[in-house]
Amino acid sequence: MITLPIPPEIIRGALDFERSAKGLLPHRLPASARKQFPDDYLAMVEAQPAGVRLAFRTSATVIELDTLPVRTVYRGAPAPSDGVYELLADGRPAGRGSVPGGTRHVVDMATQAKVTETGSAGTLRFDGLSADPKDIEIWLPHTEITELIALRTDAPVEPPPDRGRKTWLHHGSSISHGANADRPTATWPALAAARGEVELINLSLRGNCLLDPFVARAIRDTPADLISLKIGINVVNSDVMRLRAFGPAVHGFLDTIRDGHPSTPLLVVSPILCPIHEDTPGPGALEFDGKRVTFRATGDPADRATGRLTLNIIRDELARITKQRAADDPNLHYLDGRSLYGEQDFQELPLPDHLHPDPATHRRIGERFADLAFGDTGLFAG
């Protein structure tokens, strides 16, 4: 077996890397953005490698990956399942597994006090692979921080050839991050990227798609051929803005991106259907009945008159802003999120926790987005 440290050159989907005592920690936002994080939760979410994968070419029949998982556990809530790693060989599933153990951050939801339980690294092994030269991708878990330590193979490894695919950068909420998806290639952006034959950079941040300027600057400075922004649900369920602030914030976010991508196709996507927040403002509240977690809206619909935001108000404002800007920006497009998941879909595939899609719904959203955005007549086609 050949052992090598993980070189950044074979990692896709990360914007930055941090050298740790044991190895390499991928980050989905640059250090300049991380200096401006308001809390530890965003730091955790950003370091969860949604869409991040190792990509290399090899004739190896055995591949081993040493990693240190870092998981966050909330006291009193169900323990999360171990994150899933997936191996693709020439784009086809060829194995999956998890690394048990690792380090745990145990958070008390009532006091937000955190206790760290340090754990050990583990090894993921894939064997029985073809001895033919092949392109390998190892998708990292989207639900836990993953510190990469070493890669071992029984044949040399080299960076994959350039297949000429376009790079698609997407920013969204926990829905785009992959909440409730059962594996990293089954999040709706990963499914859409595979169907659209594009390279994915997923900058979606659970609970934190909030038009933060440091995210806009990260998008501005990242090379990309296609960009999409799925805006709205976190603005409502975090209750962080009123209508007066929301419109200018959207304009400012788009202005910053356009500073670095003046003509890149840019798609603004409004929220998918979420009945609890269609006409009821946030904040959203988490409830746990001892068996499952659900969400509910706690705002008063009457407060819409004073500028409190709901999903329907957000959609109207995004449609207005993109229509106004598109008069001078022909590469700016708008997609109503209910075309990805709407009322009829909700009747067939309801949101199990009232907020996030289940695996089947992730697949439906991913397929529809790929067709609407990447198809021959899609929004990105021109």
Side-chain angles (χ1 to χ4, degrees), residues 12-18 25-52 142 145 167-179 187-190 192-193 199-241 245-262 264-271 282 309 314 317-318 321-322 325 329 331-335 337:
R12 302 287 185 270
L15 299 191
D16 197 10
F17 305 94
E18 179 182 351
L25 182 63
H27 285 282
R28 292 187 296 129
L29 287 176
S32 58
R34 302 199 302 274
K35 291 178 181 178
Q36 299 184 12
F37 284 179
D39 53 45
D40 289 343
Y41 182 76
L42 178 52
M44 174 195 72
V45 167
E46 172 275 334
Q48 292 177 337
V52 179
H142 62 293
I145 298 172
T167 296
W168 167 44
L169 187 157
H170 177 71
H171 172 56
S173 66
S174 58
I175 296 169
S176 298
H177 187 127
T187 69
W188 81 255
E199 293 290 334
L200 172 66
I201 299 175
N202 191 350
L203 297 190
S204 300
L205 303 165
R206 287 167 40 197
N208 282 277
C209 183
L210 294 170
L211 300 170
D212 287 315
F214 54 78
V215 175
R217 290 191 294 272
I219 298 171
R220 175 196 66 190
D221 297 338
T222 300
D225 301 299
L226 310 164
I227 298 172
S228 57
L229 312 169
K230 193 168 178 302
I231 300 169
I233 184 65
N234 289 157
V235 176
V236 173
N237 65 14
S238 295
D239 194 34
V240 294
M241 289 184 188
F246 178 71
V250 172
H251 276 295
F253 203 83
L254 295 174
D255 285 344
T256 299
I257 292 172
R258 279 300 187 219
D259 286 342
H261 296 277
T264 301
L266 175 56
L267 175 59
V268 174
V269 187
S270 67
L309 294 171
I314 291 270
E317 189 70 355
L318 290 176
I321 289 171
T322 51
R325 294 178 67 107
D329 185 351
N331 292 312
L332 178 66
H333 309 283
Y334 172 73
L335 178 64

Does anything in [range] pair up under salt bridge (charged side-chain N to carboxylate O under 4.0 Å, His left out), and if so which pairs, sequence neighbours excluded?
| range | result |
| --- | --- |
| residues 200-218 | none |
| residues 246-255 | Asp255-Arg325 |
| residues 220-230 | none |

Is there a side-chain contact between [X] and [Y], using heavy atoms and a 4.5 Å cut-off?
| X | Y | value |
| --- | --- | --- |
| Leu203 | Leu15 | yes |
| Leu267 | Trp168 | no |
| Leu266 | His261 | no |
| Leu254 | Leu229 | yes |
| Asn331 | Asp329 | yes |
| Arg258 | Thr264 | yes |

Just verifying a value: how many Å separate [X] [atom1] and [Y] [atom2], rounded to the nearest 0.5 Å?
| X | Y | atom1 | atom2 | value |
| --- | --- | --- | --- | --- |
| Glu199 | Arg12 | CD | CZ | 7.0 Å |
| Asn237 | Leu309 | CG | CG | 11.5 Å |
| Ile233 | Ser238 | CD1 | OG | 9.0 Å |
| Ile175 | Trp188 | CD1 | CH2 | 10.0 Å |
| Leu200 | Leu226 | CG | CG | 11.5 Å |

Considering residues at least two apart in sequence or located in another chain, which fulfil the ring pair (Phe, Tyr, Trp, His ring centres under 6.0 Å) criterion with Phe37?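 Residues passing ring pair (Phe, Tyr, Trp, His ring centres under 6.0 Å) with Phe37: Phe214.
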With sequence neighbours excluded, what pairs up with [X] under the side-chain contact (heavy atoms from CB on, under 4.5 Å) test?
| X | value |
| --- | --- |
| Ala31 | Asp16, Arg34 |
| Ala249 | Leu211, Met241 |
| Pro271 | Leu311, Ile314, Arg315 |
| Asn208 | Tyr41, Leu42, Leu205, Leu210 |

Test log, rule side-chain contact (heavy atoms from CB on, under 4.5 Å), inputs His251 and Ile321: CA-CA 8 Å; His251 276 295; Ile321 289 171; 3.6 Å; yes
side-chain hydrogen bond (donor to acceptor under 3.5 Å, both in side chains) partners of [X], counting only residues at least two apart:
| X | value |
| --- | --- |
| Thr222 | none |
| His170 | Ser176, Ser228 |
| Asp259 | none |
| Ser173 | none |

What's the shortest heavy-atom distance between Gly51 and Asn202, and which atoms?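 Residues Gly51 and Asn202, closest heavy atoms: CA-CB, 4.4 Å.
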Write down the atom of His171, the atom of Cys209, and the distance for their closest heavy-atom approach.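 Closest approach of His171 to Cys209, heavy atoms only: NE2-SG, 3.5 Å.
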Strictly distance-based, threshold 3.5 Å: is any side-chain N or O of Arg28 a donor or acceptor partner for the main-chain N or O of Val45?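 Such a contact is found between Arg28 side chain and Val45 backbone.
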Whether the side chain of Thr322 engages the backbone of His333 through a donor-acceptor N/O pair (distance < 3.5 Å, no angle test) should be reported.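 Checked: no pair found.
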Trace of the side-chain contact (heavy atoms from CB on, under 4.5 Å) decision for Glu317 with Val250: CA-CA 9 Å; Glu317 189 70 355; Val250 172; over 6 Å; no
Full working for side-chain contact (heavy atoms from CB on, under 4.5 Å) between Phe246 and Ile231: CA-CA 11 Å; Phe246 178 71; Ile231 300 169; 4.2 Å; yes
